Amino acid sequence: QYELEWVGHDPAEMVRRCQTLFVCTTATAYGDVVQQIGPHLDPEHEVILFSSKLGGSLEVEQTLRGIGKRAVKVVETDALFACRLQPDHSIWIRGFKEWNLFSSPRRSQTNRNQEAIQRYFPHLEKAENLIQRGLTDFGALAHALTVLVNMNLVDRQEEFLFYYDGYTERTVVLLEQLEQEFQAIAKAYNTSLLPASELLNRYYGCQTTSLLEAMRTVPIYRHSVAPQGLETRYLSEDVGCTLVPAQQLAQLAELHTPVLDSVIAMASVIHGVDYRLSGRTLDKLGWGDFGVREIRQWMAW
């Protein structure tokens, strides 16, 4: 057990007290967070992003550059804890991921920043590149599609187990197809992904005979109920911050991604937002004028 040394809301005071800052909010809030803490950062600071989705560290780096902060260390990983807020406002930590990847925007930065994150989480491994890290995220694969497959139940706020009950033997083919599209995108950018069932096994332990069996045998998923309504980060965050950049990377590589495209289109209609414009586009990441080869080379430097 540890005692909190300080609690406050002054960004300047917080940054003065801390060398390492963990940003644990949703990826859609990174811009606001960086605008508040960024002016107070210096090259000695380390910013570690949890649940960064696809290209989170690059988005943060771009934002920092815009305010004249070019040398701050930024490294990303996935959410490492499965947590839920309880009715009494306590936090239930249901599980810890036993494995994950980390990355900075470029390979050279990842090597330099390795110690910053493994000092706290030695079980994490370096990603081959930023795209592998961003697509190695089961939530990004499953959240939005599962909500849409069950949208009437979610909209009526009918309680069901999100992963255990979200698919049948027939409908899981949609998730399997989306996984294949993720795999094709990774391959186009000189990397590969673990099969989703193996990813879940490394996270939490499960049976890996199939993706459906894996989801239905992850121990903590027996407590994972569906979101209570369609205004959920499972759509806004995962669509805007992973599926949109993934779609644009696929288009650059001339890949056919029908399920990915459909999820973005349906989420956009339901929310009345064109996520292809409002999401984490390649323009916002500084890759708007790049082709596939340029992105590969940029990440490998």
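Please read all numbers here as calculations on a predicted model, not as lab measurements.
Leu101 and Val75 are members of different hydrophobic clusters when ILVMFWY side chains are connected at heavy-atom separations under 4.5 Å. Side-chain heavy atoms closer than 4.5 Å link hydrophobic residues (I, L, V, M, F, W, Y) into clusters, and following such links, possibly through other members, connects Leu54 to Leu145. By the criterion of side-chain heavy atoms lying less than 4.5 angstrom apart, applied directly or through intervening Ile, Leu, Val, Met, Phe, Trp or Tyr residues, Leu200 is grouped together with Leu212 in one hydrophobic cluster. Note: the hydrophobic cluster containing Leu230 does not contain Val269 (ILVMFWY, side chain heavy atoms under 4.5 Å, direct or indirect links). Residues Trp6 and Val15 are members of one and the same hydrophobic cluster, defined by side-chain heavy-atom contacts under 4.5 angstrom among Ile, Leu, Val, Met, Phe, Trp and Tyr.
Residues Tyr234 and Phe162 bring their aromatic ring centres within 6.0 Å. The aromatic ring centroids of Phe50 and Phe22 lie less than 6.0 Å from each other.
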Exercise for review: Applying side chain to side chain donor-acceptor pair (under 3.5 Å), run through Ser104 and Gln109 and close with a yes or a no.
Suggested key: CA-CA 6 Å; Ser104 291; Gln109 294 172 305; 5.6 Å; no
Exercise for review: Check the pair Asp238 / Thr242 against side chain to side chain donor-acceptor pair (under 3.5 Å), numbers first and verdict last.
Suggested key: CA-CA 5 Å; Asp238 290 289; Thr242 294; 5.0 Å; no
Practice item. Could you please spell out the steps behind the side chain to side chain contact (heavy atoms under 4.5 Å, CB included) verdict for Leu255 and Glu181? Key: CA-CA 8 Å; Leu255 298 173; Glu181 294 172 16; over 6 Å; no
Check your understanding: When you look at Gln114 and Lys126, which way does the side chain to side chain contact (heavy atoms under 4.5 Å, CB included) test go after all the steps?
Key -> CA-CA 8 Å; Gln114 180 173 355; Lys126 281 190 294 186; 3.6 Å; yes
Check your understanding: side chain to side chain contact (heavy atoms under 4.5 Å, CB included) between Ile91 and Leu85: does it pass, once the steps are laid out?
Key -> CA-CA 5 Å; Ile91 301 296; Leu85 180 66; 3.7 Å; yes
Exercise for review: Begin from the C-alpha positions of Arg216 and Glu169 and carry the test salt bridge (charged side-chain N to carboxylate O under 4.0 Å, His left out) through to its verdict.
Suggested key: CA-CA 12 Å; Arg216 289 177 173 177; Glu169 286 76 5; 3.2 Å; yes
Review point. Run the side chain to side chain contact (heavy atoms under 4.5 Å, CB included) check on Val47 and Val23 step by step: do they pass?
Key: CA-CA 7 Å; Val47 178; Val23 180; 3.9 Å; yes
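Ion pairing between Glu13 and Arg16 holds under the 4.0 Å rule for side-chain N and carboxylate O. A salt bridge links Glu76 to Arg133: at least one charged side-chain nitrogen sits closer than 4.0 Å to a carboxylate oxygen. Taking a cutoff of 4.0 Å between a charged side-chain nitrogen and a carboxylate oxygen, Glu5 and Arg17 qualify as a salt bridge. With respect to the salt-bridge test (charged N to carboxylate O, under 4.0 angstrom), the residues Arg112 and Glu46 do not qualify. Contact check on Arg280 versus Glu59 returns a salt bridge, with a Lys/Arg side-chain nitrogen under 4.0 Å from an Asp/Glu carboxylate oxygen.
The local environment of CH2 in Trp301 is sparse, with at most 12 non-hydrogen atoms from other residues, nucleotides or ligands closer than 6.0 Å. Counting heavy atoms of neighbouring residues, nucleotides and ligands inside a 6.0 Å radius, atom CZ of Arg293 does not exceed 12 of them. Within a 6.0 Å radius of CZ in Arg94, more than 12 heavy atoms belonging to other residues, nucleotides or ligands are found. Enclosure of atom CD in Glu254 is not indicated, since only 12 or fewer non-hydrogen atoms of other residues, nucleotides or ligands lie within 6.0 angstrom. Within 6.0 Å of CG on Asp289 lie no more than 12 heavy atoms contributed by other residues, nucleotides or ligands.
Taking CD from Glu198 and SG from Cys206, the interatomic distance works out to 8.0 Å, rounded to the nearest 0.5 Å. Interatomic distance, CG of Leu141 versus CD of Glu176, reported as 10.5 Å (0.5 Å rounding). Of the inter-residue distances, the one linking Ile48 atom CD1 with Ile117 atom CD1 reads 5.0 Å to the nearest 0.5 angstrom. For the atom pair Lys284 NZ and Gln248 CD, the distance stands at 9.5 Å (nearest 0.5 Å). The CG atom of Leu41 lies 11.5 Å from the NZ atom of Lys73; values are rounded to the nearest 0.5 Å. A distance of 9.5 Å separates NZ in Lys69 from NE2 in His45, rounded to the nearest 0.5 Å.
Closest approach of Ser278 to Val273, counting heavy atoms only: OG-CG1, 3.2 Å. Ile131 and Leu249 get closest at one heavy-atom pair: CD1-CD1, 3.8 Å. Contact record, Ala253 with Ala188: CB-CB, 3.8 Å, taken as the closest heavy-atom pair. Annotation for Tyr189 and Asn129: closest pair O-ND2, 2.9 Å, computed over non-hydrogen atoms. Between Gly95 and Ile220, the shortest heavy-atom distance links the atoms CA-CG2, 4.2 Å. Contact between Ala82 and Tyr204 at its shortest, heavy atoms only, is CB-OH, 3.9 Å.
Because its NZ or CZ atom is both nearer than 6.0 Å to the ring centre of Trp298 and within 45° of the ring axis, Arg106 counts as a cation-pi partner of that residue.
With no hydrogens or angles considered, a side-chain donor-acceptor pair links Thr20 and Tyr120 at under 3.5 Å. Counted by atom type alone, Asn190 and Glu128 present zero donor-acceptor pairs between their side chains at under 3.5 Å. Judged purely by distance below 3.5 Å, without hydrogens or angles, the side chains of Ser90 and Asp88 pair a donor atom with an acceptor atom.
Ring planes of Phe290 and Trp287: parallel class, angle under 30° (limits at 30 and 60°). Relative ring orientation between Phe96 and Phe81 is described as perpendicular, the plane-to-plane angle rising above 60° on a 0-90° scale split at 30° and 60°.
Inter-residue side-chain proximity for Met151 and Met266 is flagged as met; some heavy-atom pair is nearer than 4.5 Å. In this structure, the side chains of Leu175 and Tyr167 come closer than 4.5 Å at one or more pairs of heavy atoms. At a threshold of 4.5 Å between non-hydrogen side-chain atoms, the residues His123 and Gln118 do not count as touching. Within the 4.5 Å cutoff, the side chain of Asp165 has no heavy atoms near those of the Leu153 side chain. Inter-residue side-chain proximity for Phe102 and Asn113 is flagged as unmet; no heavy-atom pair is nearer than 4.5 Å. Considering only heavy atoms from C-beta on, Glu125 stays 4.5 Å or farther from Asn100 through its side chain. Residues Thr281 and Pro245 form no side-chain contact, since every pair of their non-hydrogen atoms from C-beta on lies 4.5 Å or further apart. Proximity of Gln62 to Leu285: side-chain heavy atoms (C-beta onward) are nowhere separated by under 4.5 Å.
Listed by chain and number, the residues in a side-chain contact (heavy atoms from CB on, under 4.5 Å) with Thr28 are Thr26, Glu237, Cys241 (sequence neighbours excluded). Listed by chain and number, the residues in a side chain to side chain donor-acceptor pair (under 3.5 Å) with Glu115 are Arg119 (sequence neighbours excluded).
Between the Thr232 side chain and the Leu235 main chain, no donor and acceptor come within less than 3.5 Å of each other. A donor-acceptor distance shorter than 3.5 angstrom exists from the side chain of Gln132 to the backbone of Ser192, with no hydrogens or angles considered.
Results of the side-chain contact (heavy atoms from CB on, under 4.5 Å) test with Trp99 over Asp78, Asn201, Leu194 single out Leu194 as the only residue that passes.
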